[in-house]
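The model shown is predicted, which means the values in this text are computed figures rather than measured ones. Side chains included, hydrogens not; waters and symmetry mates left out as well; all remaining heavy atoms used. Letters go in sequence order (proteins before strands), and every chain restarts at 1.
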2 protein chains.
Amino acid sequence: MGRRADDGWTEEGLHVMPRKRPAPEPATGWLDEEQQRAWLAYIKVQLRLVYEMNRQLQADSRMSLADWDVLTALGASESASLTVTALAAQIGWERSRLSHHAKRMAGRGLVELATANSDRRATEVRLTAEGRVTLERAAPGHVELIKRLFFGGVPRELLDPLSTALESVYANLLAHGSLPPPDSLYADGAAVDAVRGAGDGAGAD
Amino acid sequence: MGRRADDGWTEEGLHVMPRKRPAPEPATGWLDEEQQRAWLAYIKVQLRLVYEMNRQLQADSRMSLADWDVLTALGASESASLTVTALAAQIGWERSRLSHHAKRMAGRGLVELATANSDRRATEVRLTAEGRVTLERAAPGHVELIKRLFFGGVPRELLDPLSTALESVYANLLAHGSLPPPDSLYADGAAVDAVRGAGDGAGAD
DNA sequence: GCGGATTACGTGACATGTCAAGCATAAGCC
DNA sequence: GGCTTATGCTTGACATGTCACGTAATCCGC
């Protein structure tokens, strides 16, 4: 990771509306003032937060946000083991990406790969003892970071409106997003998701 | 580009709180319910949105979100030309990343690179005619996407609370984030930012 | 103006992600 | 059983990003 954004960001360049046009909102035009304000705030938080999370994980636990997502999902499963497809769906990745990444993590001893007994085609990604320890050691710090950086700035009374707003945005995304599968993963009701949650059972210092 | 997340996401695995512990909130513990709700919503929107933006830009204009950020920032500058450092600061990248990326974009004719006259050390990244056309053609669709996917789901009355909440989060991020520069960019008050804005002067359909 | 910081970049090696194929096992079907 | 299809992954080539370092142009005191 690495990146950096000093202390402030100018609004200039983020222009989500024309620099000239005074139009009130052509329906199919630019973002109006209220929208632009929300959009800028959203984008800035997003970029900064990803940077911070990556950095903290890297510094404290020598792992990337990607590693965290994988370990977290595995740690959450009962058997601490999931097939590539299931795990990929869980964290929203493409299988090939996970295939590559899992192999690297296996190289570092965080997980191990083995052909499944039930289905010889399937590969099980299993959390190793070392992987679990790593995860449990990293969890507290990550949760702490989120509480500090994200929630430290949200007034209690805005928490509910924030959730509500984001939830509607998400619902809308699901309803109107495109999403033709990159592969042909995720059958009908496949449970996708489970991502970047903060923390996992155990751990804590 | 490429990824996919079917229709829904399970909450399972996102676990931002322990699976057992009943603790009310150990101060240095896990996220409480309200926080977890907001966090899950935030993460899900973030992942999905990035996926959608990348996809739309790729499909409609053969460009990545990264290309968009670069073109957008250049398009916003008066001279349609910025030095590598300035541009990197604008969009929040590391200079080396921009260096690599700009070279590729130059290969595709979207920008051109030239040593600055004023400072022989500096390299100017300039928007080419083709680059501008590409940007202006892509802008409407991108803005449209954001209005549809993001704002299509936000009830008007929640827009202000949403902005306020995100702005406080951002302010908090600036105040408590780490951020030791990856390089030693950004002198003191350097205006950093300007990112992924949607749209640019001109364009429109 | 000379020598040592500083600043602005470019590079090379390597980590990560994406895409298009390819391979093996499983399922269906007759 | 033997074929055709579907499923589950892995690979290889290549696009992108990150890091550590190297080089050239400026700036600063003296």
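Between the side chain of B/D69 and the main chain of B/I91, no donor-acceptor pair closer than 3.5 Å is present.
Rounded to whole Å, atom P of C/dG10 lies 14 Å from atom CD of B/E94. Atom-to-atom, CH2 of A/W93 to C1' of C/dT18 comes out at 13 Å; the value is rounded to the nearest Å. The CG atom of A/L87 sits 13 Å away from the C1' atom of D/dC9 (whole-angstrom rounding). If you take CD of A/E124 and P of D/dC9, they are 8 Å apart, rounded to a whole angstrom. Rounded to whole Å, the distance from CG on B/N54 to C1' on C/dG17 is 11 Å.
Classified by interplanar angle (parallel below 30°, tilted 30° to 60°, perpendicular above 60°), the ring pair A/H101/A/W93 is perpendicular. Ring pair A/W39/B/F150 is perpendicular by interplanar angle, where above 60° counts as perpendicular and below 30° as parallel.
No side-chain donor from either of A/N54 and A/Q58 sits under 3.5 Å from a side-chain acceptor of the other. A side-chain N or O of A/R37 and one of B/T164 form a donor-acceptor pair less than 3.5 Å apart.
When heavy atoms are screened at a 4.0 angstrom cut-off, A/S99 is found touching base atoms of the nucleic acid.
Between A/E136 and A/R132 a salt bridge is recorded (basic side-chain N to carboxylate O distance below 4.0 Å).
Considering only side-chain N and O atoms, B/K103 lies under 4.0 angstrom from the phosphate OP1 or OP2 of C/dT11.
Sorted by residue number, the members of residues 115-122 of chain B with any non-hydrogen atom under 4.0 Å from DNA chain C read B/R121, B/A122.
Every residue two or more places apart in sequence or in another chain was checked for a ring-ring contact (aromatic ring centres under 6.0 Å, His included) with A/F151, and none qualifies.
Atom CG in B/D160 sits 8.5 Å away from atom CD in B/E167 (nearest 0.5 Å).
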Please produce a list of atom pairs where a protein N or O lies less than 3.5 Å from an N or O of nucleotides 12-16 of chain C.
residue : atom : partner : partner atom : Å
C/dG12  : O6   : B/H100  : NE2          : 2.9

